[in-house]
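Notes for the one structure printed next.
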Amino acid sequence: MTVALALAALAMASCAREDKQEGPQPLALKEQVSSIVRSGAGYAVTWAGVLNNPNRWHFGENAVAVVTAVDAAGKEVVHLEQPLDAVPPGRPLAFGGQVPSAAQPVRVKIDYRPASWRPIPRIPSAFLKFPISDVRTDKLKDGSYLVTGYVLDPFRKPVGGLAVTALLRDAAGKLVGGATSYVDNVRPGAKRRFVITVEGVREPVGATDVQATTWGSTARTYEDLARAGAVPLHTVAPTTEPFAKDRGYPPPNDRRQ
């Protein structure tokens with residue numbers, strides 16, 4: 001009888017421990033910025049944000065940014081629900097957008113609806129970042145900024161579409177503006193040019209941070225790319241002749257010399 005009670009207590013304790021196990025941590029809106037500019041007969045509300053995923057073994061799917069703006073009387077004049085791309089495991093997702101408003105907003109707020117979770121089928125390092133290169137940021141005469149550069153597909157499979165977001169920061173690293181553009185038909189190992197226009201920036205820009213991710217609210221595209229594997233880093237054979245004889249020099253960092 002005593003043994004049976006002990007076993008029952010042990011089983012109940014085990015179940016309690018399982019119930020208390022923590023699941024994926026929620027996404028966190030790490031940064032956000034918004035602006036209101038005159039546009040035609042009305043106004044344009046522009047925003048950018050960074051949503052952080054602290055979970056290395058889960059994609060965040062179907063998250064939605066909720067953008068609201070109110071006028072001077074406190075009346076809501078903008079309400080937009082923006083579906084976000086899948087948030088990569090253990091990495092942030094940058095996003096941006098713009099919406100017109102007939103009335104003049106005075107305050108903008110960005111929030112988000114919680115994501116659903118998708119366990120990754122491979123180790124986190126299999127989900128490579130999309131390399132960005134040759135980034136150039138130019139201020140235009142109308143006060144907006146033009147950000148150009150190239151994004152590379154590091155996988156063996158082509159990408160139908162990528163969302164590319166430029167985040168503008170001041171000298172201290174504070175987010176002062178951002179926008180998102182889209183690039184399609186990115187081939188394995190090849191670069192594709194992106195062009196992004198960022199409006200409503202009021203402060204001096206000291207640096208530009210550009211991020212790219214797969215286009216779509218689920219992780220399916222990213223998983224297909226990871227399953228196909230990465231493009232080899234070195235695909236061109238050396239053109240110089242090999243040494244006729246090994247010179248026998250020890251490696252520069254060899255402490256035995």
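The model shown is predicted, which means the values in this text are computed figures rather than measured ones. Along the sequence shown, the residues carry numbers beginning at 1.
Counting only heavy atoms from C-beta outward, the side chains of W117 and L27 approach each other to under 4.5 Å. For the pair H58 and P89, the minimum side-chain heavy-atom distance is 4.5 Å or more. Side-chain atoms of P124 and W57, non-hydrogen and from C-beta on, do get closer than 4.5 Å to each other. Annotation: side chain of T148 is not in contact with side chain of V135 (no heavy-atom distance under 4.5 Å). Using a 4.5 Å heavy-atom threshold, the side chains of P26 and P114 count as separate. V147 has its side chain within reach of L168: a pair of non-hydrogen atoms, C-beta onward, lies under 4.5 Å apart. Contact of the T218 side chain with the N62 side chain is registered, since non-hydrogen atoms from C-beta on lie closer than 4.5 Å. V87 has its side chain out of reach of F59: every pair of non-hydrogen atoms, C-beta onward, lies at least 4.5 Å apart.
Pairing each heavy atom of I196 with each of S181, the nearest pair is CG1-CB, 3.6 Å. Minimum heavy-atom separation, A190 to L152: O-CD1, 3.3 Å. Taking each heavy atom of V106 and A72 in turn, the nearest pair found is CG2-N, 3.7 Å. Across all non-hydrogen atoms, the minimal contact from V201 to G177 is CG2-CA, 4.2 Å. Minimum interatomic distance between P158 and D153 (heavy atoms only, all atoms of both residues): CA-OD2, 3.6 Å. Nearest heavy atoms, I110 versus L29: O-CD2, 3.4 Å.
Put simply, V33 and V78 are part of two different groups of oily side chains (I, L, V, M, F, W, Y) that touch within less than 4.5 Å, one to the next. Under the 4.5 Å side-chain contact rule for hydrophobic residues, V164 and V205 share a cluster. Hydrophobic clustering keeps V99 apart from V64 (ILVMFWY residues linked when any side-chain heavy atoms are closer than 4.5 Å, directly or through intermediates). Note on V151: it clusters hydrophobically with L128, by side-chain heavy-atom contacts below 4.5 Å among ILVMFWY residues.
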### Task
Kindly indicate, with the supporting measurements, whether the criterion side-chain contact (heavy atoms from CB on, under 4.5 Å) is fulfilled by L162 and V159.
CA-CA 7 Å; L162 290 175; V159 188; 3.5 Å; yes

### Task
Evaluate the side-chain contact (heavy atoms from CB on, under 4.5 Å) criterion for residues F127 and I120: first the C-alpha distance (whole Å), next the side-chain angles of each, then the deciding distance (0.1 Å), finally the verdict.
CA-CA 9 Å; F127 298 92; I120 59 176; 3.8 Å; yes

### Query
How far apart are the C-alpha atoms of V176 and R202, what are their side-chain angles, what is the distance that settles it, and do they pass the side-chain contact (heavy atoms from CB on, under 4.5 Å) test?
CA-CA 7 Å; V176 296; R202 304 296 185 189; over 6 Å; no

### Task
For the pair D85 and E61, evaluate side-chain contact (heavy atoms from CB on, under 4.5 Å) and give the outcome as yes or no after the intermediate values.
CA-CA 7 Å; D85 300 304; E61 296 185 326; over 6 Å; no

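For the side chain to side chain donor-acceptor pair (under 3.5 Å) with T165, the qualifying choice from T213, D209, T180 is T180, the only one to do so.
A donor-acceptor pair under 3.5 Å is formed between the side chain of N53 and the backbone N or O of P88.
Taking the six-membered ring where the residue is Trp, F130 and Y222 present tilted rings, their angle falling between 30° and 60°.
Put simply, CZ on R227 and CZ on R122 are 5.5 Å apart, with the number rounded to the nearest 0.5 Å. Expressed to the nearest 0.5 Å, how far OG1 of T46 lies from CD1 of I36 amounts to 9.5 Å. Atoms CZ and CD, from R113 and E81 in turn, are 3.5 Å apart once rounded to the nearest 0.5 Å. Note that NZ of K191 is 10.5 Å distant from CD1 of I132, once rounded to the nearest 0.5 Å. The OG atom of S34 sits 10.0 Å away from the CG atom of L175 when rounded to the nearest 0.5 Å. To the nearest 0.5 Å, atom CG of residue L167 and atom CD of residue Q211 are 5.5 Å apart.
W47 and Q82 form a side-chain donor-acceptor contact under 3.5 Å, judged by distance and modelled atom types alone. In the model, T137 has a side-chain atom that pairs as donor or acceptor with a side-chain atom of T208 under 3.5 Å.
Salt bridge annotation for R192-D184: present, with a cationic side-chain nitrogen under 4.0 angstrom from a carboxylate oxygen. A salt bridge links R169 with E31: the distance from a Lys NZ or Arg NE/NH1/NH2 to an Asp or Glu carboxylate oxygen falls below 4.0 Å.
Here F194 and Y150 keep their ring centres 6.0 angstrom or further from each other. Aromatic pair F95/Y112: ring centres not closer than 6.0 Å.
Within a 6.0 Å radius of CZ in R136, other residues, nucleotides and ligands contribute 12 heavy atoms or fewer. No more than 12 heavy atoms of other residues, nucleotides or ligands lie within 6.0 Å of CZ in R107, so this atom counts as exposed by the packing criterion. Around atom CZ of R220, no more than 12 heavy atoms belonging to other residues, nucleotides or ligands sit under 6.0 Å away.
Hydrophobic cluster membership of Y182, counting Ile, Leu, Val, Met, Phe, Trp and Tyr whose side-chain heavy atoms lie under 4.5 Å apart directly or via other members: W215.
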